[in-house]
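Computed from a prediction, not measured in an experiment: that's the story for all the values here. Quick note: numbers below take in every heavy atom, side chains included, and nothing from hydrogens, waters or symmetry partners. Indexing begins at 1, ligand by ligand and atom by atom, following the structure's order.
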Amino acid sequence: MIYLDHNATTPLSESVKECIKNNLDYFQNPSSLYKESKSVKMRINVARQNVAELINCEPNNIIFTGCATESNNTVLNSCFFKVLPDPKPKHLIVSSVEHPAVLETVKYYEKYYNVSVTCLPVDSKGRIDVNDVFNAVCDNTVLVSIMLVNNELGNCYQVEEISRTVHRINPEILVHTDATQAIGKMKVDVKKLDVDFLTLSGHKFYAPKGIGGLYVKDPLTLSPFFHGGHQEQGLRAGTENYLSIVAMGQAAEEAAKYTDYDRIRTLRDAFEEKVIRYIRGSTVLGDTDNRICNTSCLLFENYNGIDICEYVNRIAGICISSGSACSSKDLSLSHVMKAIGVRKIPIRVSLGRNTTQEDMDNLFKALMKATNILKSKEKTK
Ligand code: PLP
């Protein structure tokens, strides 16, 4: 198996597996008073420190959650409810290429609560015009939520510029960024970004699934989504998911040391060049001047991405996707493709830390075979 779908999820790294093995017997509830529990609590705080260092903040700015979806929901929910009761509708600004964990949530609030949403358009490369963000700000705006990196195209967005300008216009407006696809693939610094909230997810950077994080600049700006115990400064009730938290701490420590982004970018760029040269009608989608190092979204004029994914898997045991994993069951075009005006399903190749030149060569060969098979099938129709 050659795995090239790291934007969907990553495997556990060796050091994360080791960390989980070493922590299996620490089962005590971190809120209990005996010394064994204190040791569990202490290990959670070491993990918190590691996550904080990864994004350049203090440990008490980090809340552990169940996943990025929960972190995003918590921020959005907080903004709507914190300010109630208030007769004025709350206004928020998002982009049309956010993950469904943001877009579906704001649609829900728009439908059932006193909320209005500006969903910013993107151009054919998936770029946001930052002036559109500033022009959309109005008296009732409470939150701007723009992702740092798009999961399908790999586009990086100008969150720092957006955040600094929005805060200059009105310091009370909160800025959130979903950094799920950025962590472990680029340096992320919350102070530089000047954001109020940042979402991250363990399983995108070699930790297990079911553990996420939320950076909260000022805990007073966040209303909890889960009510109950006093865990996570009272901002996320529920007994801590100890094993996953320490695993994410280990993954964060590793991600902080990782710097080999250029190797991944070189592999990706060379692969794209070959595809464009040898497969007629192929195009690289997205903002090629401003993309995360590991993502390649390719459109084939003559072939459907789903067919290609199936063939490369069948021919060579290679795992790639036809867009975001969350929508892969729904075989229609994703909202991101619709937003950039693409009418055909592309493929998404997402490289990981362990991807080699050989993996990319094998993918290229499999792509050539797959397109030849599809071409001859088309001819015999
Ligand atoms: N946000 C982005 C940008 C994502 O790519 C994903 C998952 O692909 C999510 C949020 C949801 O992550 P999780 O599975 O941790 O809820």
Atom OG of Ser334 and atom CG of Leu153: how far apart are they, to the nearest 0.5 Å?
8.0 Å

Which atoms from ligand 1 have a heavy atom of Met147 less than 4.0 Å away?
3 (C)

Parallel, tilted or perpendicular: which describes the rings of Tyr112 and Tyr108, with under 30° parallel and over 60° perpendicular?
tilted

For Tyr311, does the six-membered ring have the charged nitrogen or CZ of Arg314 within the cation-pi criterion, i.e. under 6.0 angstrom from the centroid and within 45° of the normal?
yes

Per-atom contacts, ligand 1 versus Cys67 - under 4.0 Å to a heavy atom:
13 (P), 15 (O), 16 (O)

Check each heavy atom of Ala68 against ligand 1 and say whether those closer than 4.0 Å belong to the side chain, the backbone, both or neither.
both

Hey, which atoms in ligand 1 end up nearer than 4.0 Å to a heavy atom of Gln181?
3 (C), 4 (C), 5 (O), 8 (O)

With a 4.0 Å cut-off on N to O distance, would you call Glu14 and Lys17 a salt bridge?
yes

Distance in Å, Ile62 CD1 paired with Ile245 CD1, rounded so as to fall on 0.5 Å steps
12.0 Å

Counting heavy atoms only, which of Thr65, Thr9, Asp178, Val102 comes nearest to atom 10 (C) of ligand 1?
Asp178

Show the nearest heavy-atom pair for residues His176 and Ser145, with the distance to one decimal.
ND1-OG, 2.8 Å

Which atoms of ligand 1 are found less than 4.0 Å from any heavy atom of His203?
13 (P), 14 (O), 15 (O)

Counting heavy atoms only, which part of Thr69 comes closer than 4.0 Å to ligand 1: side chain, backbone, both or neither?
both

Looking at ligand 1, is there an atom of it that comes within less than 4.0 Å of some heavy atom belonging to Lys204?
yes

